[in-house]
Amino acid sequence: MFETAIIAGAKIVLTLITLLTLVVLTVYTERRVSAFVQDRVGPNRVGPKGLLQAVADVVKLLMKEDIVPKNANKPIHDLAPMISIGVAMSTFAVIPIGSTMTLFGRQIDMMIADVNIGILYILALTSMGVYGITLAGWSSNNKYSLLGGLRSSAQLISYELSMGVSIIGVLLISGSLELDEIVGKQAATLWGGIPAWNVFLQPVAFVTFVVAAFAETNRLPFDLPEAEPELVGGYHTEYSGLKFGLFMLSEYVNMIVASAIIVTLFLGGYAFPWGEQFGLSGNSLAVAEVLTFCVKTGLVMFFIIMIRWTLPRFRYDQLMRLGWKVMLPIALANLVVTASILALMNWA
Amino acid sequence: MSQNGKMIRKEDLSFWQRIYIPEILKGLRLTFMALFRRKITIQYPEKRFTPPDSFRGRPVLVEENGVERCVACGLCSRVCPALAIEVQANETALEKERYPEKFEINMVRCIFCGFCEEVCPEEAIIMSKEYELVFESQEEAVFGKDKLLVPIEKVRDRLEFLHKHR
């Protein structure tokens with residue numbers, strides 16, 4: 001019991017450090033990519049190639065004064081960023097980044113918590129995340145913040161449905177709520193040698209899920225809660241210093257987590273199908289799996305960043321129309337078709 | 001968007017455009033290609049922008065054989081929309097008979113329009129390629145003859161440009 005606690009603690013610390021480092025890298029990548037898309041150079045002064053720019057920004061944020069508006073609800077104003085970051089970070093707990101590794105004579109699962117209802121856990125936490133944003137908007141005593149918070153909750157309600165429904169398609173195929181097992185199912189190959197990733201089995205669900213993930217992480221083209229031209233800064237207008245930094249952090253952690261979930265559910269997760277061909281086993285295989293996972297997640301994150309600098313923001317009514325009139329029916333139709341085909345296959 | 005409560009939709013979108021995803025991919029292709037385009041940023045303190053001959057930098061007085069070309073006719077001062085130029089004429093024994101005793105351009109006022117250069121009958125005041133102008137006070141920004149006079153060799157480019165295009 002004590003031993004498992006220590007192992008879990010080590011994993012948590014390691015994951016937190018990795019996530020924070022990754023966020024710094026992601027911010028840097030985002031700024032560089034955006035600059036490149038716009039024919040600029042981007043940050044290239046602090047450290048080699050500007051890599052330390054994000055670190056410098058973090059230090060700057062830490063040293064800034066923490067301002068709370070006069071009539072703000074102080075406890076909630078303080079609590080909101082904590083909810084945001086806490087939820088964003090803890091979502092990563094159930095994502096498997098590899099199968100098992102043998103360290104010091106012990107088999108160690110490459111995820112923090114092997115929950116057998118991993119997907120439900122993710123869904124529950126992502127919908128918790130909106131509390132941070134809504135509370136931040138509400139407690140700031142600022143009309144723009146409030147509008148941002150309200151938009152965020154409306155957006156979540158509209159897109160969580162299609163997200164859930166598109167996940168069900170995946171669940172029907174893999175027959176398990178456990179992320180490890182979903183990944184295991186995708187390790188097989190279909191006829192013709194293509195891997196049995198859920199993108200190929202559930203392309204429609206993949207598209208709806210990705211769109212919903214964009215909406216849930218408040219990334220462009222669905223970043224209405226913080227639409228600068230309309231709402232000043234959106235829900236974090238009244239935040240400064242460290243608390244603003246936490247919102248920023250949680251936004252990027254959310255992005256990482258969303259990419260990791262997309263990879264796990266649809267893009268084969270950590271599965272490294274050529275382990276035997278390369279003669280890998282045990283720990284070397286685990287390293288290959290982790291690398292596979294990281295590369296895939298990185299590519300998805302690059303895709304998310306590119307989308308941000310490609311598409312303009314949706315109008316609010318367009319967002320709602322897309323959510324309720326397009327995404328939800330498509331996801332539902334996909335679910336019905338998948339279920340029927342599976343039922344026919346079982347019956348035959 | 002709406003007129004009399006009726007939605008007006010553009011009908012010229014094809015089916016594939018309405019689907020939206022191919023269009024997203026098109027846009028992504030565009031931005032992806034943009035990643036590899038030449039960057040137009042100049043890393044300023046290390047590298048500097050070399051202006052073309054048509055560039056209008058700070059106005060300077062042309063100095064030929066050790067004397068300014070200026071005959072202090074005062075046209076530049078007259079035409080200056082920002083009232084930045086002040087000329088005071090005096091007589092001289094030289095062939096040109098008149099010379100500016102005092103020639104001041106207030107660089108805080110100057111708007112780099114180039115009218116002075118255009119109006120000058122002697123090609124005595126022309127726009128240089130200098131664009132890095134820093135002052136610490138209002139007084140410092142008033143450029144007298146000491147700062148304005150530039151030997152003709154240094155502004156050949158601009159003079160040739162003017163001959164060609166005027």
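Atoms considered below: every heavy atom in the structure, side chains included; atoms not considered: hydrogens, waters and symmetry mates. Predicted model, so just to flag it, every value in this text is computed and none were measured.
N334(A) and Q202(A) share a side-chain donor-acceptor pair at under 3.5 Å.
Using non-hydrogen atoms only and a strict 4.5 Å limit, no part of residues 162-172 of chain A faces chain B.
Contact of Q43(B) with chain A is made through backbone and side chain together, with heavy-atom distances under 4.5 Å. Contact annotation for V326(A): neither backbone nor side-chain heavy atoms come within less than 4.5 Å of a heavy atom of chain B. Proximity to chain B is absent for every atom of R32(A), based on heavy atoms less than 4.5 angstrom apart. Residue F36(B) does not touch chain A at all, counting heavy-atom pairs closer than 4.5 Å. Of the atoms belonging to I21(B), it is side-chain heavy atoms, and not backbone ones, that fall under 4.5 Å from chain A.
The pair R308(A)-E30(A) meets the salt-bridge criterion, since a charged nitrogen lies less than 4.0 angstrom from a carboxylate oxygen.
Between F143(B) and F135(B), the ring planes are perpendicular. Angles over 60° get that label, and only those under 30° would be called parallel. The aromatic rings of F55(B) and Y131(B) lie perpendicular to each other, with more than 60° between the two planes, well past the 30° mark.
Surrounding CZ of F112(B) are more than 12 heavy atoms belonging to other residues, nucleotides or ligands, all under 6.0 Å away.
R48(B) forms a cation-pi arrangement with Y44(B), by the criterion of a distance under 6.0 Å to the ring centre and an angle within 45° of the ring axis.
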- Task: Test Y159(A) against F214(A) for ring pair (Phe, Tyr, Trp, His ring centres under 6.0 Å), laying out the working first.
- Result: CA-CA 9 Å; Y159(A) 280 85; F214(A) 272 99; over 10 Å; no
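Counting only residues at least two apart or in different chains, salt bridge (Lys or Arg N to Asp or Glu O under 4.0 Å) contacts with residues 52-61 of chain A comprise R31(A)-D57(A).
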